[in-house]
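See below for the structure under consideration.
Nothing here was measured: the structure is a model prediction, and the numbers come from that model. Read the numbers this way: they start at 1 and go in the same order the structure lists the ligands and their atoms.
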Amino acid sequence: MAELFYEDDADLSIIQGRKVAVIGYGSQGHAHALSLRDSGVDVRVGLLEGSKSRAAAQEEGLRVVTPAEAAAEADVIMILTPDPIQADVYKEAVEPNLKAGDALFFGHGLNIRYGFIKPPADVDVCMVAPKGPGHLVRRQYVEGRGVPCIAAVEQDATGNAFALALSYAKGIGGTKAGVIKTTFTEETETDLFGEQAVLCGGTAALVKAGFETLVEAGYQPEIAYFECLHELKLIVDLMYEGGLEKMRWSVSETAEWGDYITGPRIITDATKAEMKKVLAEIQDGTFANTWIAEYKAGLPKYNEYKTADSQHLLETTGKELRKLMSWVKEA
Ligand code: NDP
Ligand code: MG
Ligand code: MG
């Protein structure tokens, strides 16, 4: 059974007694920096001189310094820049400023798991990863709630690393919703697998294939859009509230029967065999190395895929239909 931690298990005074640097002020960075500050923690934000994010952080009254200055001042350094450049940020700004007893924090384990960052033995290495997008992390905190987090310790140099991680999680509201203990390996591998096979990759491919099948058979794209994409949210909301059982309770018996007999024809043994291959490529580092190489090459394939999908009939149809539904907000 997973180990879960709530408000009373975490001591906020630990992180309140430290100096925290949040490097990066994007989706996660802004949520961590603002919520820690509102929890009474001494926070500075580390951003490069020309960074687009600087103004936003300064408008919130946060003190912004360079990543190197932030790392030098602080004894808890949370790296929240995009994953593919964290190793460079670490080499240039963080490593030269690490002192024995400092703590290095991450919001995702990729760089530690695959050895792109190799911290010295005398610092704590921790992870606090909210299981939700950064803007929700901040919104929930402001509303007095929290997004569940997972926390891990890769290296416990001080003997107090996990208590520090829990304290940090409390500072961003995580212990209100619950913190699950994990490892860098488990977090990294399951996170990459989930987003690729199910949440983003699997779902996007399923929606596209269903939409294309209907349109190629001569049905109207607008009808296919509603059937294969729009309604998915309603189905997922039911699963979120009460698992597959609640979804099946709510849909018609006809839909439920179709679910049982057709689902396994779509996601077949071959699909699952491919999922196992995907997982193996995550575990052996193939995926991480390919992704870092793509990023460093200037994202040629990534941009190709992005452009192709933005021109897909599913997307152009959806854009028009959503304009007519005032309650469906564009992000
Ligand atoms: P974003 O892309 O939203 O933000 C990145 C931030 O880093 C920006 O403020 C950017 O500034 C800044 N930055 C870029 N380069 C540098 C640099 N060299 N030095 C200092 N700052 C720099 O990142 P995310 O918040 O999405 O991701 C951060 C981490 O959180 C990742 O490890 C990710 O895996 C993890 N995570 C993200 C989640 C999410 O909700 N997005 C969920 C859970 C974990 P500029 O404005 O100049 O570009
Ligand atoms: Mg992820
Ligand atoms: Mg239907």
Side-chain angles (χ1 to χ4, degrees), residues 21-35 44-60 62 64-72 74 77-97 104-114 116-117 125-141 146-152 154 168-169 172-174 177 179-180 182 184 186-202 278 282 287-288 291-292 295-296 299 302 331:
V22 175
I23 316 256
Y25 194 77
S27 178
Q28 288 295 325
H30 92 284
H32 290 230
L34 292 172
S35 300
R44 73 272 301 124
V45 174
L47 286 169
L48 296 174
E49 293 293 352
S51 168
K52 296 190 294 293
S53 305
R54 273 193 164 239
Q58 279 160 345
E59 268 162 38
E60 290 283 357
L62 288 161
V64 182
V65 294
T66 65
E69 284 164 350
I77 300 147
M78 172 56 115
I79 305 187
L80 291 173
T81 67
D83 296 303
I85 59 161
Q86 286 186 3
D88 296 337
V89 172
Y90 175 79
K91 266 269 166 265
E92 285 158 28
V94 179
E95 192 176 43
N97 292 301
L104 196 55
F105 269 62
F106 294 88
H108 175 50
L110 186 134
N111 282 281
I112 293 291
R113 164 64 183 82
Y114 299 109
F116 302 129
I117 293 177
V125 180
C126 306
M127 169 169 39
V128 173
K131 289 284 95 181
H135 297 91
L136 186 66
V137 174
R138 178 58 183 161
R139 194 178 343 132
Q140 294 274 56
Y141 178 90
V147 165
C149 291
I150 59 180
E154 178 76 6
Y168 185 107
I172 61 169
V179 175
I180 301 183
T182 184
F184 272 63
E186 182 178 62
E187 185 275 339
T188 305
E189 295 174 4
T190 56
D191 184 78
L192 293 173
F193 178 80
E195 66 201 18
Q196 291 175 33
V198 181
L199 306 174
C200 309
V278 166
I282 288 168
F287 170 79
W291 168 225
I292 304 282
Y295 197 93
K296 296 218 154 136
L299 299 169
Y302 171 100

Report task. Could you walk me through whether E187 and I180 pass the side-chain contact (heavy atoms from CB on, under 4.5 Å) test, one step at a time? Result -> CA-CA 11 Å; E187 185 275 339; I180 301 183; over 6 Å; no
Query - E92/V89 under side-chain contact (heavy atoms from CB on, under 4.5 Å): CA gap, chis, key distance, verdict - result: CA-CA 5 Å; E92 285 158 28; V89 172; over 6 Å; no
Requested in this report: Could you please spell out the steps behind the side-chain contact (heavy atoms from CB on, under 4.5 Å) verdict for Y90 and N111?
Outcome: CA-CA 10 Å; Y90 175 79; N111 282 281; over 6 Å; no
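We find the CZ-CD1 distance between F287 and I292 to be 9.0 Å, quoted to the nearest 0.5 Å. Note that the CG atom of L80 and the NE2 atom of H30 stand 11.5 Å from one another [nearest 0.5 Å]. Expressed to the nearest 0.5 Å, how far OH of Y141 lies from CG of L136 amounts to 15.0 Å. Taking CG of L62 as the start and CZ of R54 as the end, the distance is 12.0 Å to the nearest 0.5 Å. Note that CD1 of I79 and CZ of F105 are 12.0 Å apart. Values are rounded to the nearest 0.5 Å. To the nearest 0.5 Å, atom CD of residue Q140 and atom CD1 of residue I172 are 12.0 Å apart.
Of all the atoms in ligand 1, the ones that sit under 4.0 Å from a non-hydrogen atom of Y25 are 6 (C), 8 (C), 9 (O). For ligand 1, the atoms sitting less than 4.0 Å from at least one non-hydrogen atom of S51 are 11 (O), 45 (P), 46 (O), 47 (O), numbered in the order shown with element in parentheses. With ligand atoms numbered from 1 in the order given, ligand 1 contributes 40 (O) to contacts under 4.0 Å with heavy atoms of G134. Within ligand 1, counting atoms from 1 as listed, the ones closer than 4.0 Å to a heavy atom of V89 are 17 (C), 18 (N), 19 (N). Contact atoms of ligand 1 toward P133: 40 (O) (distance under 4.0 Å to a heavy atom of the residue).
For the pair L110 and D83, the tightest heavy-atom approach, listed with the atom from each and the gap, is CD2-CB, 4.5 Å.
Taking atom 16 (C) of ligand 1 as the reference point, the nearest protein heavy-atom neighbour is I85 CD1, 3.7 Å. Nearest protein neighbour of atom 12 (C) of ligand 1, counting heavy atoms only, is G24 CA, 3.9 Å. The protein atom (non-hydrogen) at minimum distance from atom 4 (O) of ligand 1 is G26 CA, 3.2 Å. Atom 38 (C) of ligand 1 has Q28 NE2, 3.3 Å as its closest protein atom, hydrogens excluded (heavy atom only). For atom 5 (C) of ligand 1, the nearest non-hydrogen atom of the protein is P82 CD, 3.4 Å. In terms of protein heavy-atom proximity, atom 46 (O) of ligand 1 is closest to S53 OG, 2.4 Å. Atom 13 (N) of ligand 1 has as its closest protein heavy atom T81 CG2, 4.0 Å. At the shortest separation from atom 41 (N) of ligand 1 among protein heavy atoms lies S27 OG, 3.5 Å.
The shortest separation from a heavy atom of Q86 to ligand 1 is under 4.0 Å, placing the residue in contact. Not a single heavy atom of A129 lies less than 4.0 angstrom from ligand 1. By the 4.0 Å heavy-atom criterion, G132 is counted among the residues contacting ligand 1.
Within 6.0 Å of OH in Y295 there are more than 12 heavy atoms belonging to other residues, nucleotides or ligands.
With a heavy-atom cut-off of 4.0 Å, P130 touches ligand 1 through its backbone alone.
If you check each of A56, A68, P67 against atom 20 (C) of ligand 1, the one with the closest non-hydrogen atom is P67. Taking all heavy atoms of D83, V137, T66 into account, the minimum distance to atom 34 (O) of ligand 1 is reached by D83. Within the set D88, L80, V22, L47, the minimum heavy-atom distance to atom 28 (C) of ligand 1 is found for L80. Counting heavy atoms only, L48 comes closest to atom 19 (N) of ligand 1 of the residues V147, L48, T188.
Residue-level check: among N/O/S atoms of E195, OE1 sits closest to the Mg ion (ligand 2). D191 contributes OD2 as its N, O or S atom closest to the Mg ion (ligand 2).
Between K296 and P84, the closest side-chain pair of non-hydrogen atoms is not below 4.5 Å. In this structure the side chain of M78 reaches within 4.5 angstrom of the side chain of Y168, judged on heavy atoms.
Taking the six-membered ring where the residue is Trp, Y114 and F116 present tilted rings, their angle falling between 30° and 60°.
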